[in-house]
Amino acid sequence: MVLVLMLSVGALFAREGEKGVLLSDADITRRFEERRQSVIASSIAALDPADLTKGGHYDVAACLQRGEKREAALARLAKILAVKADGNMFWMFPMVTLMMAGDQGLDDPSRARFAELWRTYWPSRGDTENHWVLYYSSLYLAAQTYPGAGPEKWFNGKSSAENMAESRSYLEHWLEVTTSFGQGEYDSPNYLEEYATGLALLSGWAQDAAFRQRAHLMLDYIFYDYAVETLDGYYGGAHSRVYPRQIIAPGLTPSMALGWLLFGFGERQPNGTVQILALSGYTPPPILERIARDRAQPYVERELKRTRWRLRNAGPESFVIGDKRTIPVYKYSYVDQDFILGSTQGGLLQPIQQQTWNLIWRTDRPAAKAANTFFGVQPYSSPLEGTMFFGADWDTVTNLIARSKADYDTPDKLPSGSPFEQVYQHGPALVALYDIPPGTRFPLVTMFFSRDLTHTEEDASGWIFAQGGPVYIAYRPFAAGEWKPNDWTGLLAHGAGGFISTDFAKWGSGHRCYVSPALKNGYVVQVAPARAFASYEAFKAAVRALPLTFSTATQPEATFTSLDGTVIHARYGATPTVNGQPVDFASWPLFESPFGHATRGSQQLEIAHGAERLLLDFTHNVRQESAVPAQP
């Protein structure tokens with residue numbers, strides 16, 4: 001049987017501004033290679049032989065890999081290696097990049113200095129999922145460099161063989177858990193780069209071919225996860241971890257920088273992981289760019305993730321993987337050519353920096369200035385959350401968290417999960433319910449209205465309408481609130497938290513929030529593309545006519561008929577229903593959309609675009625491309 005790969009005109013071209021973008025394998029690969037080479041060329045150019053204070057780790061690595069400016073690169077490297085080692089796993093991977101990418105150009109003094117640093121500096125492996133991936137991928141490659149080295153050569157008193165075995169064991173475990181039950185630090189616009197860094201190092205330089213292949217498969221896997229929920233490089237959907245600047249300005253994220261290299265979205269931004277990927281030689285499969293650009297038809301993306309490991313207060317929904325407890329995270333995103341509305345079920349899914357749901361829309365504003373987002377939050381702060389995820393004690397954990405995440409214990413924070421929040425979404429409509437106990441530290445429900453919104457109106461019907469670029473937004477609060485400026489405490493505006501608040505005036509000013517203090521609370525959000533209505537007035541009239549009933553007298557409850565006629569019913573503490581049928585969370589897929597499918601526990605992801613298929617099979621360590629037969 002002859003397999004015919006059918007590509008429509010829409011699959012061959014996609015919108016990038018006003019110009020068509022050819023999407024054949026050859027064109028995609030050529031453009032990616034041009035971007036990759038431009039990264040390496042600019043890295044080499046950054047090293048100035050006349051000024052050895054300039055040029056970072058990856059600039060030196062690029063020079064040594066290409067054999068250009070070698071003397072200057074070695075001189076600059078000597079200065080870098082003379083600095084006292086610091087930064088734990090964030091020290092490790094730049095060192096390993098220098099050792100791997102620059103291997104052919106290193107001199108004997110540099111090699112000796114690397115060996116001495118690995119013997120004398122003890123980097124911590126940290127306490128997060130991304131920390132451990134960075135730590136163990138770096139340690140594996142460093143130990144690979146010194147085969148046969150005994151425990152006396154290593155900071156931790158283990159031999160090279162022991163370090164490689166421990167590192168591979170953890171990384172294989174992480175791969176298995178992630179491809180079976182979902183990632184814990186899922187879909188983070190910030191921490192995507194940490195996973196890409198560790199995997200790129202292994203994919204580029206692990207000597208064991210099978211292990212190198214697994215890292216390559218996992219790069220494809222995490223980049224698919226991004227591609228299917230991106231809009232021009234902006235990472236849509238719910239996120240495990242975001243910082244204040246990233247939740248307000250979605251373009252100020254490492255994922256946006258990766259979107260440029262991987263798929264050609266936006267403008268190049270300075271980013272170390274982009275440099276590491278370029279040096280590693282990794283090339284994404286062309287099907288990923290076709291998926292990232294194909295928004296011709298709206299679609300639903302469902303994903304299964306998991307929480308960070310719960311040490312205490314795990315709750316009745318928790319289950320055990322190995323010897324650790326977690327609970328499922330049910331992700332749902334509605335992806336349109338002009339917007340992405342995405343959510344999770346609410347609750348405490350990640351400590352500190354969770355974003356339960358959000359809306360982003362297509363924008364023509366520069367990424368550095370855009371605030372193309374709308375979302376709600378219950379700003380929760382409690383030792384219950386801290387002791388659930390961290391080993392510290394009840395009396396000190398909140399203070400310890402706030403030392404590094406300064407906004408955690410403030411009423412105006414925007415990243416946060418809450419045990420008193422339940423969310424359900426169907427298509428471009430969302431219902432959120434809250435039952436906040438008296439005495440809760442910050443008994444508020446906050447809705448963020450960015451400065452990019454226009455035509456915001458408080459309607460007599462109780463709906464609040466707004467427009468975000470090509471998207472109409474309707475928000476119906478169930479309890480009264482008041483308008484406040486974001487950062488109404490002034491914490492970030494006054495520079496708290498160091499890098500967390502840097503340049504706050506540029507990205508953090510001019511927004512406002514609708515803040516409700518009612519303990520029993522909730523709201524409905526209905527969004528729609530402006531192109532679907534004759535006018536803004538027509539949209540508002542259609543929303544006003546939608547059936548909606550709600551009550552907050554006892555358990556918050558709402559029944560809403562959305563614009564497409566779907567009836568959503570939600571009651572706090574109960575399973576929501578759609579058109580009278582309970583939502584089947586037990587059968588929630590690991591991935592499901594027109595572009596991919598994976599079942600829970602399968603360790604296999606089938607990626608699809610038109611007739612194309614790309615199977616990532618971690619059980620057999622196989623990456624298989626194919627096409628479905630053309631229909632007669």
Side-chain angles (χ1 to χ4, degrees), residues 127-130 181-188 191 237-244 247 303-321 324-332 342-358 375-394 396-402 404-405 407-411 413-425 432-437 439-446 519 521-522 556 570 572-576 585 588:
D127 64 354
T128 68
E129 190 177 349
N130 78 82
F181 303 100
Q183 201 170 350
E185 278 183 337
Y186 55 87
D187 299 354
S188 169
Y191 290 102
H239 306 302
S240 61
R241 297 188 65 186
V242 285
Y243 286 89
I247 205 170
E303 298 177 3
L304 182 68
K305 308 298 183 183
R306 60 175 177 83
T307 66
R308 179 176 171 139
W309 303 124
R310 291 187 167 189
L311 306 183
R312 290 167 284 199
N313 316 314
E317 296 180 345
S318 67
F319 68 100
V320 176
I321 301 175
K324 300 177 180 65
R325 284 198 171 270
T326 184
I327 69 168
V329 176
Y330 305 106
K331 278 199 63 181
Y332 183 107
S343 63
T344 54
Q345 75 268 30
L348 293 175
L349 309 178
Q350 270 286 332
I352 309 169
Q353 297 172 304
Q354 176 180 324
Q355 185 171 32
T356 300
W357 73 268
N358 84 333
F375 58 89
V377 63
Q378 199 282 297
Y380 179 74
S381 169
S382 169
L384 176 73
E385 178 181 30
T387 56
M388 179 182 290
F389 295 109
F390 302 109
D393 63 73
W394 184 278
T396 62
V397 68
T398 299
N399 178 264
L400 291 173
I401 292 171
S404 63
K405 307 297 186 292
D407 60 321
Y408 174 71
D409 196 34
T410 59
K413 67 175 179 173
L414 296 175
S416 182
S418 169
F420 313 128
E421 175 181 58
Q422 294 183 3
V423 174
Y424 184 69
Q425 177 188 348
L433 301 174
Y434 301 84
D435 193 356
I436 305 171
T440 297
R441 180 156 172 72
F442 303 129
L444 306 171
V445 175
T446 301
L519 299 180
N521 215 324
Y572 191 90
T575 300
F585 290 110
W588 206 268

Side chains of [X] and [Y]: closer than 4.5 Å at any heavy-atom pair?
| X | Y | answer |
| --- | --- | --- |
| Lys413 | Val377 | no |
| Gln355 | Asp187 | no |
| Tyr191 | His239 | no |
| Phe181 | Thr326 | no |
| Ser188 | Ser240 | yes |
| Tyr243 | Arg241 | yes |
| Thr446 | Pro411 | no |
| Phe420 | Leu519 | no |

Tell me yes or no: between the side chains of Thr344 and Thr356, is some donor less than 3.5 Å from an acceptor?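 Thr356 and Thr344 do not have a side-chain donor-acceptor pair below 3.5 Å.
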For [X] and [Y], work out which heavy atoms get closest and say how close.
| X | Y | answer |
| --- | --- | --- |
| Trp357 | Gly376 | CZ2-N, 3.1 Å |
| Pro379 | Phe442 | O-CB, 3.2 Å |
| Pro556 | Asn521 | CB-O, 3.8 Å |
| Thr128 | Arg308 | CG2-NH1, 3.5 Å |
| Tyr572 | Leu433 | N-CD1, 3.5 Å |
| Asp409 | Arg441 | OD1-NE, 2.7 Å |

Begin with the C-alpha distance, continue with both residues' side-chain angles, and end with the deciding distance and a verdict on side-chain contact (heavy atoms from CB on, under 4.5 Å) for Phe389 and Ile401. CA-CA 11 Å; Phe389 295 109; Ile401 292 171; over 6 Å; no
Test your reading of the model: is there a side-chain donor-acceptor pair from [X] to the backbone of [Y], 3.5 Å cut-off?
| X | Y | result |
| --- | --- | --- |
| Gln378 | Leu444 | yes |
| Glu185 | Asn130 | yes |
| Gln422 | Gly573 | yes |
| Gln350 | Gly184 | yes |

Quick one: side-chain hydrogen bond (donor to acceptor under 3.5 Å, both in side chains) pairs with a partner in residues 382-394, sequence neighbours left out?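 Listed once each, the pairs are Asn313-Thr387, Tyr380-Ser382, Glu385-Tyr408, Asp393-Thr396.
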According to salt bridge (charged side-chain N to carboxylate O under 4.0 Å, His left out), who are the partners of [X], at least two apart in sequence or on a separate chain?
| X | value |
| --- | --- |
| Glu303 | Lys305, Lys331 |
| Glu129 | Arg306 |
| Arg312 | none |

Start with the C-alpha distance between Arg310 and Leu348, add both sets of side-chain angles, then the distance that settles side-chain contact (heavy atoms from CB on, under 4.5 Å), and finish with yes or no. CA-CA 10 Å; Arg310 291 187 167 189; Leu348 293 175; 4.1 Å; yes
Over 60° means perpendicular and under 30° means parallel, so tell me whether Phe585 and Tyr424 are parallel, tilted or perpendicular.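 The rings of Phe585 and Tyr424 stand perpendicular, inter-plane angle above 60°.
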For the residue pair Trp588 and Tyr332, categorise the inter-ring angle as parallel (less than 30°), tilted (30 to 60°) or perpendicular (more than 60°).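 Because their plane-to-plane angle lies in the 30° to 60° range, the rings of Trp588 and Tyr332 count as tilted.
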Contacts of Ser404 that satisfy side-chain contact (heavy atoms from CB on, under 4.5 Å) - sequence neighbours left out: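 By the side-chain contact (heavy atoms from CB on, under 4.5 Å) rule, Ser404 matches no residue at all.
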Does Thr398 have any side-chain hydrogen bond (donor to acceptor under 3.5 Å, both in side chains) partners at least two apart in sequence or in another chain, and if so, which?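 Thr398 satisfies side-chain hydrogen bond (donor to acceptor under 3.5 Å, both in side chains) with no other residue.
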Would you give the length of the straight line joining atom [atom1] of [X] to atom [atom2] of [Y], rounded to the nearest 0.5 angstrom?
| X | Y | atom1 | atom2 | result |
| --- | --- | --- | --- | --- |
| Leu311 | Lys324 | CG | NZ | 10.0 Å |
| Leu414 | Asp407 | CG | CG | 8.0 Å |
| Phe319 | Arg325 | CZ | CZ | 10.0 Å |

Would you sort out whether Tyr186 and Leu349 count as a side-chain contact (heavy atoms from CB on, under 4.5 Å), showing the intermediate values? CA-CA 10 Å; Tyr186 55 87; Leu349 309 178; 3.7 Å; yes
